[in-house]
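One structure is given below, encoded as structure tokens.
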Protein chains: 2
Amino acid sequence: MGNAKLYKGSLNTIILKLLDEQGKMYGYEITQKVKALTKGELKITEGALYPALHKLEAEGLLDVELAKVDNRLRKYYKLTEAGEKETVNRLAELEEFIRSMQNLVNPNWSIN
Amino acid sequence: MGNAKLYKGSLNTIILKLLDEQGKMYGYEITQKVKALTKGELKITEGALYPALHKLEAEGLLDVELAKVDNRLRKYYKLTEAGEKETVNRLAELEEFIRSMQNLVNPNWSIN
DNA sequence: AATATATACATAATTTTCTTATGCATAAGA
DNA sequence: TCTTATGCATAAGAAAATTATGTATATATT
């Protein structure tokens with residue numbers, strides 16, 4: 001709690017970015033990766049993650065590949081070609097947004 | 001368009017921050033200020049701004065002062081004492097969020 | 001003089017996006 | 001045996017925005 005409600009709107013872009021650099025990932029793995037990368041500050045809930053993955057897939061940005069590991073199901077997601085193109089756009093947009101926020105909130109921070 | 005939907009959740013903090021540094025501002029002025037500070041990248045819509053101001057006021061974080069300039073109404077908002085304290089907290093939280101996002105999206109960026 | 005744009009507020013309907021609460025199932029650790 | 005971790009999913013509800021209106025005055029443009 002506390003950090004809750006703070007990353008609204010950027011979850012999709014985070015997913016795309018991670019898939020772009022990791023190649024393929026499954027849902028649970030994404031939640032753990034984000035937790036690790038942000039030292040526990042950002043926690044992606046399953047209720048937000050799975051619908052987001054399904055939507056990105058429906059939009060044709062992700063492909064799914066089923067796998068069974070230790071008798072447990074995994075759904076590996078990876079970017080489609082369209083997904084890779086979209087990732088570039090959305091990442092640029094998110095970076096611009098972060099710079100703007102940074103500049104608004106603390107103009108003293110370096111902007112590089 | 002484009003930048004739309006990106007600053008979700010942080011509008012309240014932006015308002016508090018601006019009021020903290022400007023002393024007092026009225027709604028329309030806030031929209032123009034944000035537009036200017038972000039070179040047009042962040043546009044606060046009235047449908048988001050006015051309800052947010054009313055809510056912050058209802059929470060006891062803002063005080064209102066009416067003014068009539070050129071026969072047009074203005075509602076100047078300023079931080080209450082509670083508002084000043086809350087601003088410190090919310091700003092810190094938002095800064096942490098920005099750092100996390102920055103680190104997720106582009107770990108090469110400087111973290112200062 | 002007429003018209004459009006800027007200034008200034010406000011709210012209702014809708015949509016998006018999240019949290020919270022469930023639910024199912026297997027594996028591993030205490 | 002019981003709890004925690006792994007792994008998926010969806011439904012109900014809340015939060016926070018967008019979009020679409022509405023009112024009104026002032027200024028700039030044609």
Side-chain angles (χ1 to χ4, degrees), chain A residues 1-16 24-36 40-59 62 64-77 90 93-94 97 100-101, chain B residues 1-16 24-36 40-59 62 64-77 90 93-94 97 100-101:
Chain A
M1 41 181 286
N3 85 308
K5 96 182 185 324
L6 273 180
Y7 56 95
K8 283 194 179 173
S10 38
L11 175 57
N12 288 310
T13 306
I14 292 174
I15 292 172
L16 293 174
K24 64 174 186 177
M25 300 181 82
Y26 55 100
Y28 186 77
E29 188 184 10
I30 293 175
T31 67
Q32 301 307 304
K33 186 77 178 176
V34 170
K35 209 200 292 187
E41 279 181 58
L42 256 53
K43 281 167 192 159
I44 295 187
T45 61
E46 296 156 302
L49 177 68
Y50 292 115
L53 287 171
H54 300 159
K55 197 185 167 207
L56 289 170
E57 189 195 350
E59 288 169 357
L62 301 185
V64 197
E65 184 193 324
L66 291 172
K68 204 157 192 179
V69 179
D70 287 328
N71 207 33
R72 273 198 242 88
L73 184 70
R74 281 184 191 172
K75 289 176 95 171
Y76 278 98
Y77 290 91
R90 297 206 194 180
E93 204 181 358
L94 182 53
F97 165 67
S100 290
M101 288 296 294
Chain B
M1 38 166 281
N3 80 311
K5 93 181 187 328
L6 275 179
Y7 56 97
K8 282 192 181 176
S10 37
L11 175 57
N12 287 310
T13 307
I14 291 175
I15 291 172
L16 293 174
K24 64 174 186 176
M25 298 180 83
Y26 56 99
Y28 185 78
E29 188 183 10
I30 293 176
T31 67
Q32 301 307 303
K33 186 75 177 177
V34 170
K35 209 201 289 186
E41 278 180 57
L42 256 53
K43 281 169 194 158
I44 296 185
T45 61
E46 297 157 302
L49 177 66
Y50 292 114
L53 286 171
H54 300 160
K55 196 185 168 208
L56 289 170
E57 188 196 349
E59 287 168 358
L62 301 186
V64 197
E65 184 193 325
L66 292 172
K68 204 159 193 177
V69 178
D70 286 329
N71 206 33
R72 273 200 242 87
L73 184 71
R74 280 184 190 171
K75 290 176 94 171
Y76 278 97
Y77 289 91
R90 298 205 193 181
E93 204 182 358
L94 181 54
F97 164 68
S100 288
M101 288 296 296

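Heavy atoms only: backbone and side chains are in, while hydrogens, waters and symmetry mates are out. Just so we're on the same page: letters track the sequence lines, and every chain starts at 1.
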**Item:** Contact under 4.0 Å: H54(B) side-chain N or O vs dT11(C) OP1/OP2
**Value:** yes
From OH of Y77(B) across to C1' of dA10(C) the rounded distance in Å is 10 Å
Sorted by chain and number, sequence neighbours left out, side-chain contact (heavy atoms from CB on, under 4.5 Å) with E46(A) holds for Y50(A)
Under 4.0 Å between any heavy atoms, over every strand shown, what does K55(B) touch: base, sugar-phosphate, or nothing? Just pick one. sugar-phosphate
Sorted by chain and residue number, the salt bridge (charged side-chain N to carboxylate O under 4.0 Å, His left out) partners of R74(A) (sequence neighbours excluded) come out as none
When rounded to whole Å, the CD1 to P distance for the pair I44(A) and dC18(C) reads 9 Å
Sorted by position of nearest nucleotide on DNA chain C, 5' first, the leading residue of P51(B) and Y26(B) is Y26(B)
By side-chain hydrogen bond (donor to acceptor under 3.5 Å, both in side chains), S100(A) pairs with (sequence neighbours left out) E41(B)
Atom CZ of R74(B) and atom P of dA10(C) are separated, to the nearest Å, by 14 Å
Given the rule in the side-chain contact (heavy atoms from CB on, under 4.5 Å) test, do L73(B) and K68(B) qualify, once you have shown the distances and angles that lead to the verdict?
CA-CA 5 Å; L73(B) 184 71; K68(B) 204 159 193 177; 5.6 Å; no
Here the distance between atom P of dG22(D) and atom CG of L73(B), to the nearest Å, is 21 Å
Mate of dT26(C) across any strand shown (Watson-Crick or G-U wobble, both atom pairs under 3.5 Å) is dA5(D)
Do the side-chain N or O atoms of K43(A) get closer than 4.0 angstrom to the phosphate oxygens (OP1, OP2) of dT19(C)? no
In whole angstroms, the gap separating P of dT16(C) from CG of L11(A) amounts to 16 Å
With sequence neighbours left out, the residues meeting salt bridge (charged side-chain N to carboxylate O under 4.0 Å, His left out) with K33(B) are none
note: K33(B), atom NZ; dA8(C), atom C1'; distance rounded to Å ~ 19 Å
M25(B) atom CE is separated from dT7(C) atom P, nearest whole Å, by 14 Å
Whole-Å distance, L49(B) CG to dT18(D) C1', equals 14 Å
A correct 5'-to-3' footprint of nucleotides 21-30 of chain C, with B, S and - meaning base, sugar-phosphate only and no protein heavy atom under 4.0 Å, is -----BS---
To the nearest 0.5 Å, atom NZ of K24(B) lies from atom OH of Y77(B) at 13.5 Å
Residues passing the salt bridge (charged side-chain N to carboxylate O under 4.0 Å, His left out) test with E59(A), sequence neighbours excluded, are K55(A), R90(A)
